[in-house]
Amino acid sequence: MKTQISFLLASTLASISSGFNIPPPPYTHKTSLSAKQNAFERDLRFKGAVNFRPVEETSFFQGEGLSKDPTKRAQQLVDAAVNVAKRRDPDQSLFIQTVTEVATSLGPLFAETDEYFFAFKHMLEPEQLYQFRVPWVDDEGRTRVQRGFRVQFSSALGPYKGGLRYHPSVGVDTIKFLGFEQIFKNALTTLNLGGGKGGSDFDPKGKSEAEIMRFCQSFMTALEPYIGPNRDVPAGDIGVGGREIGYLFGQYKRLNQGRFEGVLTGKSADWGGSYVRPEATGWGLVFFAEEAMKDQKNESLLGKRCALSGSGNVAQFAAQQLLKLGATPVTFSDSSGTIYEPDGFTQEKLDLLMEVKAVRGARLTDYAAKSPSSSYHASERPWSVVDEIDLALPCATQNELEEQDAINLVKAGCVGVFEGANMPTTPGAVEILEAGGCVFGPAKAANAGGVAVSGLEMAQNAQMTQWTEADVEQRLNVIMKDIYHQCADCAETYHDRTQIKEGANIAAFLKVAAALREQGAV
């Protein structure tokens, strides 16, 4: 038996004998001078680890041949990568959209060496994808059943990390799209974080406090076998805030004999959470925008009129930081419409909006009733309301900024768009914005502040300590500026420095691909 096992092991090792020649990830901004000389040199130390056939010999190109022209070759490989996702998951439109967006950016890498194509193809399949039943009892005593999900997409760089979303639209497509994006977002943070995402089709709107608590407890009972502080660390997302994280954490402790550990982030700062976590995505978004505008346009945010969509944590705290930097937020929105303050939101008006949304959970119409200087536009997005704007920060949901919206923004004088939500701008809209001279900050870079501070919360939990608010804010600022320069420097190497989206995808991909190579492409 031992002889047979040894023979099988030797055969397996012999079958993976040539190279997985992927260069190391780009250096961070701190070493940007040496980055231009050294970041993309071949690292051959691991030659012999993984054997991929020449791409021409695969089924992707049999019969048509692979072009020798680098541009045509890149497009062929991009199309082949996207077709892998389309063939495996033809009904997952959001997942296919994000795969297409990333693959398009990676075209120059695919043309450079076949190994990049195969590494990307490798990343398209999640390591694990769980779907489970979540039964719960409503206030009338009726048993209800929701679906729960958790995708553990990649642990190449660290434990799976990504939020939980409670929304009726949640399904496998949504979770895979968000989880795939999370791989690249987390890679840019400079922290050791893998990519994951989860949630349920449960809708917390209109539910009582007791119903939400019972649902969270049932959800955690089903999720608990798959998570842990060094395995998978969920956080919040749409529909999951500090209240829900508290209920989930309490149930986790109950299932584990009171074990108090960093299995969730977004906890209250009073019991294991980090300062600045609620503010992190919004503040980080503005820190990123500030650095991008300084580098790309040689401009500050002082005096900039800013249109924001959404009215949750991200939009509220982005507006708070904009006011600190002398900018002027003029819009917020919810699912019913947009509120517009022509002269801008002051701190007092922002406090009123935060009371309406965060404290009372009311609609923006309640704000309009209390602010005579505002106008409410039912069923309209901010992009169709403003006629003079400098920056746009979409912070609501995916695909909310479409082609006509982009045209409106360019006509209104917009010079920068920075994504606070996940993939809120459609591909066609991105093209229009970039053609119109807008600085475009993609979500995986611009809204990485939330997961960055989640990583800092994990570090504090591991040390059983808590850093000050000023310390966390300073670390967040440094991380977001470093993320910007990673993206811009990589864009400058492979495309053009203004193409931040392409730079973000390439910088993150190189880091994950290098980890896959060094770990044996597991």
Looking at [atom1] of [X] and [atom2] of [Y], how far apart are the two atoms once the value is rounded to the nearest 0.5 Å?
| X | Y | atom1 | atom2 | result |
| --- | --- | --- | --- | --- |
| Leu301 | Leu323 | CG | CG | 11.5 Å |
| Cys216 | Leu248 | SG | CG | 4.5 Å |
| Phe110 | Phe117 | CZ | CZ | 7.0 Å |
| Glu290 | Met480 | CD | CE | 11.5 Å |
| Glu101 | Glu502 | CD | CD | 7.5 Å |
| Ile183 | Asn186 | CD1 | CG | 9.0 Å |

- request: Look at Arg144 together with Asp138 and state whether they make a salt bridge at an N to O cut-off of under 4.0 Å.
  value: yes
message: Salt bridge or not between Glu419 and Lys444? Use side-chain N to carboxylate O under 4.0 Å.
response: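 Salt bridge between Glu419 and Lys444, a charged N being under 4.0 Å from a carboxylate O: no.
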Taking atom types as modelled and ignoring hydrogens, do the side chains of [X] and [Y] form a donor-acceptor contact shorter than 3.5 angstrom?
| X | Y | result |
| --- | --- | --- |
| Glu457 | Tyr275 | no |
| Glu224 | Asn256 | yes |
| Ser208 | Asp139 | yes |
| Thr265 | Arg277 | no |
| Tyr160 | Gln182 | no |
| Gln460 | Ser274 | yes |
| Lys357 | Gln316 | no |
| Lys185 | Asn422 | yes |
| Gln486 | Asp482 | yes |
| Glu261 | Tyr252 | yes |
| Glu400 | Ser309 | yes |
| Asn313 | Glu279 | no |

pair [X]-[Y]: side-chain heavy atoms closer than 4.5 Å:
| X | Y | value |
| --- | --- | --- |
| Leu353 | Phe345 | yes |
| Ser155 | Glu127 | yes |
| Val417 | Leu391 | no |
| Pro159 | Asn230 | no |
| Phe177 | Gln92 | no |
| Val453 | Leu476 | yes |
| Arg150 | Tyr226 | no |
| Met458 | Leu193 | yes |

- prompt: Between Tyr247 and Phe219, does a ring-ring contact (aromatic ring centres under 6.0 Å, His included) hold up when you go through it step by step?
  reply: CA-CA 10 Å; Tyr247 294 147; Phe219 184 87; over 10 Å; no
- request: Start with the C-alpha distance between Phe95 and Phe180, add both sets of side-chain angles, then the distance that settles ring-ring contact (aromatic ring centres under 6.0 Å, His included), and finish with yes or no.
  value: CA-CA 8 Å; Phe95 178 60; Phe180 189 72; 5.7 Å; yes
Are the side chain of [X] and the backbone of [Y] linked by a donor-acceptor contact shorter than 3.5 Å?
| X | Y | answer |
| --- | --- | --- |
| Lys161 | Val233 | yes |
| Ser218 | Arg214 | no |
| Thr493 | Asp489 | yes |
| Asp232 | Ile227 | no |

Heavy atoms from other residues, nucleotides or ligands near [atom1] of [X] exceed 12 (cutoff 6.0 Å):
| X | atom1 | answer |
| --- | --- | --- |
| Arg231 | CZ | yes |
| Arg475 | CZ | yes |
| Arg360 | CZ | yes |

- request: Could you please spell out the steps behind the ring-ring contact (aromatic ring centres under 6.0 Å, His included) verdict for Trp271 and Phe249?
  value: CA-CA 11 Å; Trp271 44 269; Phe249 187 70; 5.5 Å; yes
task: Show your reasoning for whether salt bridge (charged side-chain N to carboxylate O under 4.0 Å, His left out) applies to Lys197 and Glu181.
output: CA-CA 9 Å; Lys197 204 73 178 182; Glu181 281 280 293; over 6 Å; no
Do we get [X] above [Y]'s six-membered ring, with its NZ or CZ under 6.0 Å from the centre and within 45° of the axis?
| X | Y | value |
| --- | --- | --- |
| Lys294 | Tyr484 | no |
| Lys207 | Trp136 | no |
| Lys501 | Phe440 | no |

